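Structure first, commentary second.
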Amino acid sequence: MTIMHGWFQKLLKTRVYLSKQQEAKDSASSTASSSLSSSSSSLPSSSSSSSSSSSSSSSSSSSSSGRTPSKPPRLQIAQSSEMRWTKEYDVLVCHSGANSDIEEAKRLVSFLEDSPCSLRCFLWQRDACPGGAIFTEFCQAMENSHSLALLITPNFLQEDLCRYMMNQVLTDRPMSKRIIPMIQNLSYSQYPQELKFYYYTDLSKNPDHGYAHVNNAVVNYLEDLVKREMTLACSMNDSSGGLNG
């Protein structure tokens with residue numbers, strides 16, 4: 001019954017994900033096009049001083065009327081990217097099986113999912129299919145996630161599975177911004193040598209501040225996806241225009 005319940009939960013989550021993915025794809029193209037048009041309109045103009053004075057007067061009149069220039073908000077851009085929806089999760093949270101670590105991971109995921117960007121999180125203790133092959137489940141979750149957050153604690157370092165997760169993450173994309181290390185109740189000397197070139201977030205003193213830092217790291221990574229997507233679209237338009245010319 002536990003295995004059937006796990007598969008049923010996974011089926012429901014997949015259906016919800018597919019419906020959200022379709023909605024995002026429908027709105028992504030319009031958002032991307034408006035972003036390109038706004039960015040192109042913001043380029044410096046080589047017009048005369050009279051035109052600049054008229055533009056300044058028009059901008060002052062628009063500000064006096066309470067209107068601001070249309071610009072897609074940061075979170076809206078990150079949410080609407082088609083590249084974001086190519087993966088099922090925004091962040092995979094890796095943690096040990098200790099109760100204290102599980103509870104900490106739950107609090108982190110609750111913070112991220114309730115954030116303005118409504119990040120999609122894979123929590124191992126919650127989302128892994130009961131009775132499934134552990135290593136296969138982890139590899140699939142890693143493949144289906146944009147970012148990877150490691151909750152590194154003394155318990156994490158003592159578990160062979162957690163060590164395997166960390167090594168797999170580093171092997172998949174070394175020195176990548178998608179890897180977000182977090183430490184708790186861990187001294188600097190205990191910090192894994194494999195991660196010595198990564199900045200980490202310390203959750204020991206101020207967990208909420210650390211959660212916000214993780215949220216920003218994930219959103220920044222999603223924004224980078226949008227920038228690459230827009231750059232690719234511009235280069236494709238330029239190349240097609242050159243061929244037509």
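Just so we're clear, the structure is a prediction, and the values are computed from it rather than from any experiment.
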Legend entry - SG-CZ distance between C121 and F111, expressed to the nearest 0.5 angstrom: 11.0 Å
Legend entry - Backbone of S145 reached by a side-chain donor or acceptor of R178 within 3.5 Å: yes
Legend entry - L195 backbone acceptor or donor facing Y191 side chain under 3.5 Å: yes
Inset, instruction - Would you name the heavy atoms of S96 and I102 that are closest together and state the gap between them? - result: O-CG1, 3.7 Å
Legend entry - Any T201 side-chain heavy atom under 4.5 Å of P181 side chain: no
Legend entry - E137 side chain reached by C129 side chain, heavy atoms, under 4.5 Å: yes
Inset, instruction - May I ask you to decide if H95's main-chain N or O and D101's side chain share a donor-acceptor pair within less than 3.5 Å? - result: no
Legend entry - Single-linkage hydrophobic cluster, 4.5 Å side-chain cutoff, I179 and F197 together: yes
Inset, instruction - Please work out which of the three classes, parallel, tilted or perpendicular, describes the rings of H146 and Y221, given edges at 30° and 60°. - result: tilted
Legend entry - Interatomic distance, D90 atom CG to C117 atom SG [nearest 0.5 angstrom]: 6.5 Å
Inset, instruction - Evaluate the side-chain proximity of T153 to N185: yes if any heavy-atom separation is below 4.5 Å, no if none is. - result: no
Legend entry - Gap between atom CG of N220 and atom OG of S147 - 0.5 Å precision: 9.5 Å
Legend entry - Heavy-atom side-chain contact between M182 and H213 under 4.5 Å: no
Inset, instruction - Would you check if the side chain of E159 reaches a backbone N or O of G97 as a donor-acceptor pair within less than 3.5 Å? - result: yes
Inset, instruction - Check T171 against N167 and note the closest heavy-atom contact, atom names and distance. - result: OG1-O, 2.7 Å
Legend entry - Cationic N near anionic O, under 4.0 Å, E113 to R126: yes
Inset, instruction - Using a strict cut-off of less than 4.0 Å between a Lys/Arg side-chain nitrogen and an Asp/Glu carboxylate oxygen, indicate whether E194 and R163 qualify as a salt bridge. - result: yes
Legend entry - S115 side chain to L112 backbone, donor-acceptor under 3.5 Å: yes
Inset, instruction - Give every residue pair that meets the ring pair (Phe, Tyr, Trp, His ring centres under 6.0 Å) criterion with at least one member in residues 154-178, sequence neighbours excluded. - result: F135-Y164
Inset, instruction - Using the rule that two of Ile, Leu, Val, Met, Phe, Trp, Tyr join whenever any of their side-chain heavy atoms come within less than 4.5 Å, decide whether Y198 and Y188 are in one cluster. - result: yes
Legend entry - From CE (M165) to CG (D160), nearest 0.5 Å: 11.5 Å
Inset, instruction - Could you please spell out the steps behind the side chain to side chain contact (heavy atoms under 4.5 Å, CB included) verdict for L203 and Y211? - result: CA-CA 8 Å; L203 303 180; Y211 298 163; 4.2 Å; yes
Legend entry - L108 side chain near L151 side chain, heavy-atom distance below 4.5 Å: no
Legend entry - Between CG on residue L148 and CE on residue M166, distance to nearest 0.5 Å: 13.0 Å
Inset, instruction - For the pair F122 and W124, name the ring-plane relationship: parallel under 30°, tilted 30 to 60°, perpendicular over 60°. - result: tilted
Inset, instruction - Answer whether the closest heavy-atom distance between the side chains of E143 and Q140 falls below 4.5 Å. - result: no
Inset, instruction - Measure the shortest side-chain to side-chain distance between L157 and I152 over non-hydrogen atoms and say whether it is less than 4.5 angstrom. - result: yes
Legend entry - Value rounded to 0.5 Å, distance of CE in M142 from CG in N144: 10.5 Å
Inset, instruction - Check for a donor-acceptor pair, side chain of R84 on one end and backbone N or O of L222 on the other, with a separation under 3.5 Å. - result: no
Legend entry - Whether over 12 other heavy atoms sit under 6.0 Å from Q190 CD: yes
Inset, instruction - Would you check if M83 and V226 make a side-chain contact, meaning some heavy-atom pair closer than 4.5 Å? - result: no
